[in-house]
Asker: 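For reference, the structure I am asking about is given below.
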Amino acid sequence: MKSLLINGEWREASSGETLPVVEPSSSKEFGTIGRGSAKDVSDAVDSARAAYTGDWGALPPVERGRLLHRFSERILVGADELANIEARDTGKPMKQARADVTAVARYFEYYGGAADKFHGDTIPYLRNYNVSVIHEPFGVTGHIIPWNYPAQMFGRTLAPSLAVGNATVIKPAEDACQSVLYLAELALQVGFPPGAINVVTGTGAEAGAALAAHPGVGFVAFTGSPEAGIAVQKAAAEHFAPCVLELGGKSPQIVFEDADLEAALPLLVSAILQNAGQTCSAGSRVLIQESIFETVSQRLAERFRQLRVGDPTMDLDCGPLISARQKARVERFLSHAAETQIPLLAQGSYAEGVSPDGYYVPPTLLGPVPRDDLIAREEVFGPVLALLPFRDEDDAVHLANDTDFGLIASIWTRDGRVQQRMTQRLAVGQVFINCYGAGGGVELPFGGVKKSGHGREKGFLAMEEFCTTKTVVNHFG
Ligand code: NAD
């Protein structure tokens, strides 16, 4: 299949090799994509460079913004088709796929509006001097995205970079990229000039590594596993390209004894269940104050027993995982829990008619999970929720920060002083108080600390990430 978009034209991989496209709900193949190589990446970077120095780079910010807006509107016209493509390719329930389509349109709307409002700065300096700080695009940016939210990630990573004037090359994940191809075709239709958006499908080891290593790429945006993130950063360092790395988390939802449980319980469940737990910001640990541990775990267990697993069209609580590999990974964690006698409090059930060949794992509630157990510390990336008790505020902070990750956290308490103190002490990039923001808020800067990565996406800060600055000192005396 012609799945590489270079210089405005769809091509096969130059090697002629392909990779299978597999439906997670049945494990059936339903197409192929090109297996792009370093040669294809090089062609794509050349095409982006030509767009940047040509038509695309010459477009004033107001025109870039209008184009992003047109794209956003066009995405919504094709919303049903795009949601169907995304649901089939990733296995996610239709309601999640529809929400993802709304989100990708929103990214282009938000950054379309921001394109001509992204000002530089002036600095009061010495007598007879004018000093200004101007934003400048890197030229060509490389984008390596994962399989969990391909459509949303397309918007999250490309929209701010295009808004500030870069030309782009995106390497979607080999496990799910159909929505990216659809969106790239729409972008051509609404008038993005050839080369502004290039797509190279293929594996991480080949196309992904080649994109991070290409000296013509001025900035690399990566979302995925910490291991691949390290490889990307090392490759980019060889040619001095900065990176934004978004590498997942082990995000705590912290429930104090005065919490409003009626408000908290549904979100404690949905924060892990969204996208079958395959979400970087999944709330995968619930830390519960000892005095209410029994009550909260019982009430969560009641909810977990009612959860239903099905294929995307059934539109239930949870779909399949993305691949046989991901299913095996999550099952290894569950086997470990059984072997080490971590209590299994509840599991969801399969709907009638679910294919036995799909990559399904039932939502599973475990607890109390020992603090030093790998289920309390490592990213499972599946529908598995770990419950851990804590004594008091100090203990909650210690436990929350006691993993290598630091992406997001939620605090459930009515006490405003606890909210403020906890917020200051949590080592994460986003804090939610009496709410949980997985997947939300295009406006809200997002990213982590420690093993969750560095740099910020979303909001205005993403536009700063995708630019460098130039300080201009003008002496007129
Ligand atoms: P991955 O990190 O290998 O893949 C993510 C993207 O990076 C894909 O496009 C892949 O082709 C590319 N890639 C892989 N190796 C690369 C390299 N050396 N150079 C350049 N690009 C490379 O993730 P995975 O193997 O699909 O999943 C493994 C685990 O990673 C998951 O179980 C989960 O814990 C984590 N993960 C996190 C996120 C997230 O949103 N933070 C997304 C996907 C996976």
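Throughout, numbering of the chain's residues begins at 1 and tracks the sequence.
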Asker: Answer yes or no on whether Lys117 is positioned over the face of Phe460, meaning its NZ or CZ is under 6.0 Å from the six-membered ring centre and within 45° of the axis.
Answerer: no
Asker: Donor-acceptor pair, distance only, cut-off 3.5 Å: does the side chain of His239 make one with the backbone of His214?
Answerer: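 Answer holds: yes.
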Asker: Hey, is CD on Glu185 packed in by over 12 heavy atoms from elsewhere, all under 6.0 Å?
Answerer: yes
Asker: Can you tell whether the side chains of Arg70 and Glu73 come within less than 4.0 Å, N to carboxylate O?
Answerer: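 Salt bridge between Arg70 and Glu73, a charged N being under 4.0 Å from a carboxylate O: no.
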Asker: Atom CG in Leu385, atom CG in Leu366: separation rounded to 0.5 Å?
Answerer: 8.0 Å
Asker: Which value, rounded to the nearest 0.5 Å, describes the distance between Phe304 atom CZ and Ile272 atom CD1?
Answerer: 7.0 Å
Asker: List in chain and number order the residues that pass side-chain contact (heavy atoms from CB on, under 4.5 Å) with Lys234, two or more places apart in sequence or in another chain; answer none if no residue qualifies.
Answerer: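 By the side-chain contact (heavy atoms from CB on, under 4.5 Å) rule, Lys234 matches Ile230.
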Asker: If I take atom CG from residue Asp46 and atom CG from residue Asn198, how far apart are they, to the nearest 0.5 angstrom?
Answerer: 10.0 Å
Asker: Please identify each residue that fulfils salt bridge (Lys or Arg N to Asp or Glu O under 4.0 Å) with Glu464, with sequence neighbours left out.
Answerer: none
Asker: Between Ser335 and Glu331 (side chain of the first, backbone of the second, donor and acceptor by atom type, cut-off under 3.5 Å), is there such a pair?
Answerer: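 Answer holds: yes.
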Asker: Nearest heavy-atom pair of Leu334 and Thr364: which atoms, and what distance?
Answerer: CD2-CG2, 3.9 Å
Asker: Side-chain atoms of residues 242-249: list all donor-acceptor pairs with protein atoms under 3.5 Å, sequence neighbours left out, distances to 0.1 Å.
Answerer:
residue	atom	partner	partner atom	Å
Glu246	OE1	Arg156	NH2	2.8
Glu246	OE2	Gly248	N	3.2

Asker: Taking NZ, NE, NH1 and NH2 as the nitrogens, is one of them in Arg88 or Glu23 under 4.0 Å from a carboxylate oxygen of the other?
Answerer: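 A salt bridge links Arg88 with Glu23.
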Asker: Side chains of Ser72 and Glu109: any donor to acceptor distance under 3.5 Å?
Answerer: no
Asker: So Ser27 and Asp357, side-chain hydrogen bond (donor to acceptor under 3.5 Å, both in side chains) or not? Walk me through it.
Answerer: CA-CA 6 Å; Ser27 74; Asp357 299 325; 4.9 Å; no
Asker: I need the Leu158 CG to Met153 CE distance, nearest 0.5 Å.
Answerer: 9.0 Å
Asker: If you take all heavy atoms of Leu300 and Val269, which pair is closest and at what distance?
Answerer: CD2-CG2, 3.7 Å
Asker: List the atom of Asn166, the atom of Pro137, and the distance in Å for their closest heavy-atom pair.
Answerer: OD1-CB, 3.2 Å
Asker: Can you sort out the partners of Glu302 under salt bridge (Lys or Arg N to Asp or Glu O under 4.0 Å), two or more places apart, ordered by chain and number?
Answerer: none
Asker: Check salt bridge (Lys or Arg N to Asp or Glu O under 4.0 Å) between Glu136 and all other residues, then give those that pass, not counting sequence neighbours.
Answerer: Lys470
Asker: Between Ser15 and Ser37, do the side chains contain a donor N or O and an acceptor N or O under 3.5 Å apart?
Answerer: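 Looking only at side-chain atoms, Ser15 and Ser37 do not form any donor-acceptor pair under 3.5 Å.
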Asker: At their closest point, which heavy atom of Ala105 faces which heavy atom of Ile75, and how far apart are they?
Answerer: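 Smallest interatomic distance, heavy atoms only, reads CB-CG2, 4.0 Å.
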Asker: Only counting residues at least two apart or in another chain, list the ones meeting side-chain contact (heavy atoms from CB on, under 4.5 Å) with Thr32.
Answerer: Met1, Thr18
Asker: Under the side chain to side chain donor-acceptor pair (under 3.5 Å) test against Arg377, which residue among Asp402, Asp372, Thr403 passes?
Answerer: Asp402
Asker: Once rounded to the nearest 0.5 Å, what's the spacing between atom OH of Tyr350 and atom OH of Tyr360?
Answerer: 9.0 Å
Asker: Under a 4.0 Å N-O cut-off, is there an ion pair linking Arg106 with Glu443?
Answerer: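 Yes, charged N to carboxylate O under 4.0 Å.
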Asker: Strictly by ring-ring contact (aromatic ring centres under 6.0 Å, His included), give each pair with a member in residues 79-106 just once, sequence neighbours left out.
Answerer: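 Not a single pair qualifies under ring-ring contact (aromatic ring centres under 6.0 Å, His included).
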Asker: Would you mind listing every ring-ring contact (aromatic ring centres under 6.0 Å, His included) that reaches into residues 72-92, with sequence neighbours excluded?
Answerer: none
Asker: So Trp147 and Phe381, would you call those rings parallel, tilted or perpendicular, with 30° and 60° as cut-offs?
Answerer: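 Answer is perpendicular, since the angle exceeds 60°.
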Asker: In a check of side chain to side chain donor-acceptor pair (under 3.5 Å) between Lys92 and each of Asp100, Asp315, Asn148, which one passes?
Answerer: Asp100
Asker: Quick check: are there more than 12 heavy atoms from other residues, nucleotides or ligands sitting under 6.0 Å from CG of Asp55?
Answerer: no
Asker: Quick one: closest heavy-atom pair of Thr201 and Gly34, and the distance?
Answerer: OG1-O, 2.8 Å
Asker: Check the orientation of Phe219 and Phe138. Use parallel for under 30°, tilted for 30 to 60°, and perpendicular for over 60°.
Answerer: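 Phe219 vs Phe138 ring planes: parallel.
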Asker: Considering non-hydrogen atoms only, spot the tightest contact between Val200 and Gly36 and give its length.
Answerer: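 Taking every non-hydrogen atom into account, CG1-CA, 4.1 Å.
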Asker: With sequence neighbours excluded, what pairs up with Asp404 under the salt bridge (Lys or Arg N to Asp or Glu O under 4.0 Å) test?
Answerer: none
Asker: So how far is it from Thr102 OG1 to Gln152 CD, rounded to the nearest 0.5 Å?
Answerer: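 Answer rounded to 0.5 Å: 9.5 Å.
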Asker: Partners of Pro194 by side-chain contact (heavy atoms from CB on, under 4.5 Å), sequence neighbours excluded?
Answerer: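 For Pro194, the residues satisfying side-chain contact (heavy atoms from CB on, under 4.5 Å) (neighbours in sequence not counted) are Asn7.
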Asker: Suppose we screen for side-chain contact (heavy atoms from CB on, under 4.5 Å). Which residues come up paired with Ala115, at least two apart in sequence or across chains?
Answerer: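 So Ala115 forms a side-chain contact (heavy atoms from CB on, under 4.5 Å) with Ala163.
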Asker: Mind jotting down which residue pairs meet the salt bridge (Lys or Arg N to Asp or Glu O under 4.0 Å) criterion with at least one end in residues 167-180? Sequence neighbours excluded, please.
Answerer: Lys171-Glu174
Asker: For a side-chain hydrogen bond (donor to acceptor under 3.5 Å, both in side chains) check, start with the C-alpha distance between Tyr149 and Gln274, then their side-chain angles and the critical distance, and finish with the verdict.
Answerer: CA-CA 11 Å; Tyr149 293 90; Gln274 180 175 321; 3.0 Å; yes
Asker: Quick one: does any side-chain atom of Asp116 pair with a main-chain N or O of Pro61 as donor and acceptor, under 3.5 Å?
Answerer: no
Asker: Check whether Lys458 reaches the backbone of Gly447 with its side chain - one donor and one acceptor, N or O, closer than 3.5 Å.
Answerer: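 No, because the side chain of Lys458 does not come within donor-acceptor range (under 3.5 Å) of the backbone of Gly447.
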